2 protein chains.
Amino acid sequence: MNGSLAKGNGDTRSRILDAAEALFVEQGFDGTSMRGITGRAGANLAAINYHFGSKEQLIQEVFRRRLTELNRIRLARLHELEVEAGEAPIKPSRIVDAFFGTALRMAADVEGGGHTFMRLLGRTYTDPQGFVRKFLAEEYAECVERFLAALYRALPDVDRNEILWRFHFMMGAMSYAIAGTDALQLVTGKFDDEDPSRLVSRLMSFLLGGLRAPLADFGSSP
Amino acid sequence: MNGSLAKGNGDTRSRILDAAEALFVEQGFDGTSMRGITGRAGANLAAINYHFGSKEQLIQEVFRRRLTELNRIRLARLHELEVEAGEAPIKPSRIVDAFFGTALRMAADVEGGGHTFMRLLGRTYTDPQGFVRKFLAEEYAECVERFLAALYRALPDVDRNEILWRFHFMMGAMSYAIAGTDALQLVTGKFDDEDPSRLVSRLMSFLLGGLRAPLADFGSSP
DNA sequence: AATTAATTAAAACGTTTGTTTGAATCATAC
DNA sequence: GTATGATTCAAACAAACGTTTTAATTAATT
């Protein structure tokens, strides 16, 4: 049950990042101690402060390491779509796939740690710790703006505020799909042991259904 | 900026529950100290252990206090629908409203604390702390089972596993809609200052769109 | 009014927390 | 080999944590 890694597994810095990433998912930021991280990484307690400065800076580096790459791929995909389409509008489903599909494919990478990170990311959107949310917002700002602009262009007849909200809802559905699977398992018994590609398919059709839904008026007592 | 409450505001027990609820949302469970709670509640440090036994039991009581009522209303609404429909099938939109709409209406109650609690609940589904998730699962078990059964009956042609997943997605979208509003604000600038009833309307149409979406097959490179 | 129970108060308990320090070890260059 | 810089190590730091204890106070009962 001791997940501590052999010391030869990459340099100390990387081992610390990997250990921290895993423990943050399991126990949260506050619930994970410096001793827990360095212990699992096979490093000395002081190594975190030496390599990263502080626990807070370590947390930021855990995110930056993967998030930069994720958003780079997203924007590259979007750029491909824009070039391919030329003057013509892009299908919303393609935009949604470039953003959410890319994340889901990263989440499907269990061995490389993408799965662990996406679980962490999903639950961090609503994390109370101010500095984490602020940091995430900065890292995300450009990417989200570009994708929202693309959706506005792709859906010129839909109110922009409505698109904004639905983008938000889609973020929520995706985050829970990745981060909170065990929560549903606890409630409902168990899922059939799912391969992640089916999750992609399932979630994408749900997201597009929500995105395209009519703006029906649901009062407070329908 | 000191949110500490006057001592006359209810009995000590209730003041502690209110203070804890608010602080858990702002700082998380681990990030909230006993001293912080009792300080805000205007009570002595030992009061939590006296009234609740431990911090862990306090957390459980914070949830139990509101969750029992929420699920009672949900099941009552479902029962109404079932009686009203008799042998006929119930419209899925009504079932969805009985579950998610009820939660959203509780979240719209800012003064009574429902809003605070729903934000807390939303972010707790994905909380790493094992005992909280286990406790939530137990509190939710019966209610979720009843609603899933109702959806199975209302949508006899749809694969049950698919309904299960979409219920999961809907939970995610709703939780983020309530708990993570500030996250999106940080990213996108700001929303128009929204009255909660429009959120109900917006989210419900999104949820139903997702629930009814065709099971299109989205491969990994569409 | 006396007695019992329930609640609040202040102080201290032993752990655990993140961080810092100064010496020891390692790698690399001259 | 010796010097230089980077890294690792064991040890210690004050601060904050949840909990417990014992005394003081309040409320209820007889």
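These figures come from a predicted structure and were not determined experimentally. We name chains A, B, ... by the order of the sequence lines, and we start the count at 1 in each one.
- Atom P of nucleotide D:dC17 and atom CG of B:Asn49 are separated by 14 Å, given to the nearest angstrom.
- Rounded to whole Å, atom C1' of C:dT19 lies 8 Å from atom CG of A:Leu45.
- At the phosphate of D:dT8, OP1 or OP2 sits under 4.0 Å from a side-chain N or O atom of A:His51.
- Of the possible donor and acceptor atoms, one in the side chain of B:Thr32 sits under 3.5 Å from a partner among the backbone N and O of B:Leu23.
- Checking the phosphate oxygens (OP1, OP2) of C:dT17, a side-chain nitrogen or oxygen of A:Ser33 falls inside 4.0 Å.
- At C:dT8, one or more side-chain N or O atoms of B:Thr12 fall inside 4.0 Å of OP1 or OP2 (strictly under the cut-off).
- If you measure from atom NZ of B:Lys55 to atom C1' of D:dG18, you get 8 Å, rounded to the nearest angstrom.
- For the pair A:Asn44 CG and D:dT8 P, the computed distance is 9 Å after rounding to whole Å.
- The distance between atom CE of B:Met34 and atom P of C:dA9, rounded to the nearest whole Å, is 15 Å.
- The existence of a salt bridge linking A:Arg64 and A:Glu138 is excluded, since no basic side-chain nitrogen approaches an acidic carboxylate oxygen closer than 4.0 Å.
- One atom, CZ of B:Arg35, and another, P of C:dA10, lie 14 Å apart when rounded to the nearest Å.
- Aromatic ring pairs are classed by plane angle as parallel below 30°, tilted from 30° to 60° and perpendicular above 60°; the pair A:Phe29 and A:Phe24 is perpendicular.
- Contact check for B:Arg133 versus B:Tyr125: no side-chain heavy atoms found under the 4.5 Å cut-off.
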Short N/O separations, protein against nucleotides 21-27 of chain C, under 3.5 angstrom:
none

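- Summarising the geometry, the separation between CZ on A:Arg15 and C1' on D:dT7 is reported as 12 Å, rounded to the nearest angstrom.
- Side-chain atoms of B:Ser205 and A:Arg166 include a donor-acceptor pair closer than 3.5 Å.
- Contact annotation for B:Thr32: backbone-only contact, meaning every heavy-atom pair under 4.0 Å involves sugar-phosphate atoms and none involves a base.
- A salt bridge is defined here as a Lys NZ or Arg NE, NH1 or NH2 lying under 4.0 Å from an Asp or Glu carboxylate O, and B:Asp18 with B:Arg65 meets this definition.
- Taking the six-membered ring where tryptophan is involved, the planes of B:Phe167 and B:Phe100 are tilted, since the angle between them lies from 30° to 60°.
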Give every pair of a protein N or O atom and an N or O atom of nucleotides 23-25 of chain D that lie under 3.5 Å apart, one pair per line with the distance.
none

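- With ring centers used as reference points, A:Phe63 lies 6.0 Å or more from A:Tyr140.
- B:Phe52 places its CZ atom 11 Å from the P atom of C:dT8, with the value rounded to the nearest Å.
- Under the side chain to side chain donor-acceptor pair (under 3.5 Å) criterion, the residue pairs touching residues 43-57 of chain A are A:Ser54-A:Gln57, with sequence neighbours excluded.
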